[in-house]
2 protein chains.
Amino acid sequence: MQLSKQVSQSANIQCYEQLRDKILTGELAGGTKLVEERLAEDMGVSRTPIRESIRRLEQEGLIKNKRVVKPGDEELRHIFEVRMLLEGFSARCAANYLDEATMARLQDCIDRAFAGTYEETMDANKSFHDLIVEASRNPEIVKIIDRMQSIVYLFRKAVVFYKRPMLIEEHQHILDAIRARDADGAERLMKQHLQADLDFYLHLPREAKL
Amino acid sequence: MQLSKQVSQSANIQCYEQLRDKILTGELAGGTKLVEERLAEDMGVSRTPIRESIRRLEQEGLIKNKRVVKPGDEELRHIFEVRMLLEGFSARCAANYLDEATMARLQDCIDRAFAGTYEETMDANKSFHDLIVEASRNPEIVKIIDRMQSIVYLFRKAVVFYKRPMLIEEHQHILDAIRARDADGAERLMKQHLQADLDFYLHLPREAKL
DNA sequence: TTTAATAAAATTGTATACAAAAATGAATTT
DNA sequence: AAATTCATTTTTGTATACAATTTTATTAAA
């Protein structure tokens with residue numbers, strides 16, 4: 001039995017994560033043209049794992065024909081339309097099926113979001129949504145939401161940083177509806193919540209976006 | 001997505017299409033383990049374009065850790081849950097916004113499905129759904145549906161081949177609701193239609209599936 | 001100055017070689 | 001026989017070389 005943790009995963013995955021993070025943190029600004037050879041040199045690997053990373057990030061919508069995507073308002077609107085449908089449905093499922101233990105974990109996300117630092121709040125909010133999506137018990141839905149996660153992350157950062165009012169309270173309302181087994185309410189509140197998120201972001205001054 | 005498209009330029013895309021078609025036609029049966037080198041030799045290319053094709057087909061759910069996926073009933077149920085949400089929404093949008101010209105094209109799909117051969121009917125039915133999905137005017141939704149297309153194709157083949165009753169009539173009902181600008185009706189009918197498709201398939205004898 | 005044509009450079013696509021890892025199978029022990 | 005070890009083979013991951021293509025720069029013509 002081996003006790004040592006695998007420190008170095010495959011170059012492939014390392015490149016993917018590194019590249020993704022560079023985009024998410026803004027180190028690679030929107031519009032930047034990605035050149036495989038250059039990235040390979042930067043990360044000390046060959047072009048092969050870089051290519052696969054780029055392909056994957058293209059799938060996720062973070063790269064579009066070799067350029068870092070800076071999602072515009074239109075694209076965000078489209079993504080949120082999908083989120084409202086899928087996460088709304090998931091909230092409904094949660095109200096119908098969710099066990100007490102998971103509800104407690106949802107409450108914990110809310111509490112941590114209230115109490116924590118900026119990063120902790122972002123984390124807790126993400127976990128809240130993830131738990132509800134998983135409540136759909138539909139791996140296809142989980143996969144789709146997961147693919148959009150990178151772009152949503154960029155978005156969430158701005159929304160938390162500029163402290164949208166009532167964000168965490170809305171999470172509480174959703175959980176309350178789930179606890180009350182109010183499926184219609186849970187779905188409606190989740191959709192409203194996402195709509196409010198989007199509206200808040202869209203009204204941010206241009207320089208605050210992404 | 002259609003089988004045996006016109007010959008494409010890059011080996012990459014050619015491999016992808018060839019491989020996908022081999023899976024869809026059953027030439028590569030579900031469960032088959034795909035070995036890059038062997039496929040490369042078969043298709044007369046190197047492993048490089050093969051790898052990229054496999055990665056893409058993994059994204060589409062047609063390959064899962066190097067094996068051809070034979071989607072089971074559970075997976076189909078999950079996919080149809082997503083389709084009901086997204087295509088239901090699209091039908092709603094169509095009822096709200098769709099122009100006369102596109103409605104005429106939808107009618108044409110229905111007429112062609114009634115009159116045509118087995119292949120023509122499949123094509124027409126696919127076009128009907130595609131047109132409605134596009135009516136959502138949401139590229140994200142189009143992309144998601146498109147990714148699931150390969151698996152849905154396998155499915156559709158069985159449903160048309162075993163002549164599900166009322167299938168085309170249901171398309172007509174949906175179009176009627178769209179024409180009447182009845183958004184709720186259009187969404188409801190679309191969801192029912194997809195549910196009926198799924199139910200029909202799930203009740204097929206085992207040897208008829210896929 | 002603008003446009004067209006084309007050469008040069010940069011970049012991506014593909015093939016191939018080699019290394020790492022995983023799977024297979026035979027020999028050994030229990 | 002079942003499990004364990006270890007060597008062998010197969011398969012995948014990565015690097016590198018080269019070909020094809022695209023982009024950019026340059027020059028010549030309008």
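Every heavy atom of this structure was used, including side-chain atoms; hydrogens, water molecules and symmetry mates were not. Given the structure is predicted, the values throughout are model-derived calculations rather than measurements. Each chain gets a letter, A, B and so on, in the order the sequences are listed, and its residues count up from 1.
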Asker: Can you list the residues that meet the salt bridge (charged side-chain N to carboxylate O under 4.0 Å, His left out) rule with Lys143(B), with sequence neighbours excluded?
Answerer: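 Partners of Lys143(B) under the salt bridge (charged side-chain N to carboxylate O under 4.0 Å, His left out) test: Glu140(B).
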Asker: Does Asn65(B) have any side chain to side chain contact (heavy atoms under 4.5 Å, CB included) partners at least two apart in sequence or in another chain, and if so, which?
Answerer: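 Result, side chain to side chain contact (heavy atoms under 4.5 Å, CB included) vs Asn65(B): none returned.
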Asker: Polar atoms only, N or O, under 3.5 Å: list the protein pairs with nucleotides 20-25 of chain D and their distances.
Answerer:
none

Asker: Do any pairs count as a ring pair (Phe, Tyr, Trp, His ring centres under 6.0 Å) and have a residue in residues 107-126 of chain B, sequence neighbours left out, and if so which ones?
Answerer: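 As it turns out, the ring pair (Phe, Tyr, Trp, His ring centres under 6.0 Å) pairs with a partner in residues 107-126 of chain B, which skip direct neighbours, are Tyr118(B)-Phe161(B).
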Asker: Return the orientation label for the His129(B) and His193(B) ring planes: parallel under 30°, perpendicular over 60°, tilted otherwise.
Answerer: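 Parallel.
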Asker: Going by salt bridge (charged side-chain N to carboxylate O under 4.0 Å, His left out), name the residues that satisfy it together with Asp108(A), two or more places apart in sequence or in a different chain.
Answerer: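 Per chain and number, Asp108(A) pairs via salt bridge (charged side-chain N to carboxylate O under 4.0 Å, His left out) with Arg112(A).
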Asker: With sequence neighbours excluded, what pairs up with Glu74(A) under the side chain to side chain contact (heavy atoms under 4.5 Å, CB included) test?
Answerer: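 Here the qualifying residues are Arg77(A), His78(A).
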Asker: dT9(D) C1' sits how many Å from Glu37(B) CD, rounded?
Answerer: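 Rounded to whole Å, this separation is 12 Å.
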Asker: Just call it for Leu34(A): base, sugar-phosphate, or nothing, with non-hydrogen atoms closer than 4.0 Å on any strand.
Answerer: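 The residue Leu34(A) makes sugar-phosphate contact but no base contact.
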Asker: Which residues pass the side chain to side chain contact (heavy atoms under 4.5 Å, CB included) test with Glu60(A), sequence neighbours left out?
Answerer: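 Glu60(A): side chain to side chain contact (heavy atoms under 4.5 Å, CB included) contacts with Tyr16(A), Arg56(A), Leu57(A), Ser150(A).
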Asker: Going 5' to 3' along DNA chain C, which are the first and last nucleotides with any atom under 4.0 Å from a heavy atom of chain B?
Answerer: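 First-to-last contact on DNA chain C, by the 4.0 Å heavy-atom rule, is dT14(C) to dA17(C).
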Asker: Residues in side chain to side chain donor-acceptor pair (under 3.5 Å) with Glu41(A), at least two apart?
Answerer: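 Expected list: none.
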Asker: Tell me which pairs pass side-chain hydrogen bond (donor to acceptor under 3.5 Å, both in side chains) where either residue lies in residues 21-31 of chain A, with sequence neighbours left out.
Answerer: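 Residue pairs passing side-chain hydrogen bond (donor to acceptor under 3.5 Å, both in side chains), neighbours aside: none found.
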Asker: Near DNA chain D, which residues from residues 43-52 of chain A have a heavy atom under 4.0 Å away?
Answerer: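 Val45(A), Ser46(A), Arg47(A), Thr48(A), Pro49(A), in order of number.
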Asker: NA contact type, Ile13(A), heavy-atom cut-off 4.0 Å: base, sugar-phosphate, or nothing?
Answerer: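 Counting heavy atoms under 4.0 Å across all strands, no contact is made by Ile13(A).
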Asker: Can you list the residues that meet the salt bridge (charged side-chain N to carboxylate O under 4.0 Å, His left out) rule with Glu187(A), with sequence neighbours excluded?
Answerer: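 Scan of Glu187(A) (salt bridge (charged side-chain N to carboxylate O under 4.0 Å, His left out), adjacent residues dropped) gives Arg92(A), Lys191(A).
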Asker: Could you tell me whether Arg67(B) contacts a base, only the sugar-phosphate backbone, or nothing, with contacts defined as non-hydrogen atoms closer than 4.0 Å?
Answerer: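 Answer is nothing: Arg67(B) stays at 4.0 Å or more from every strand.
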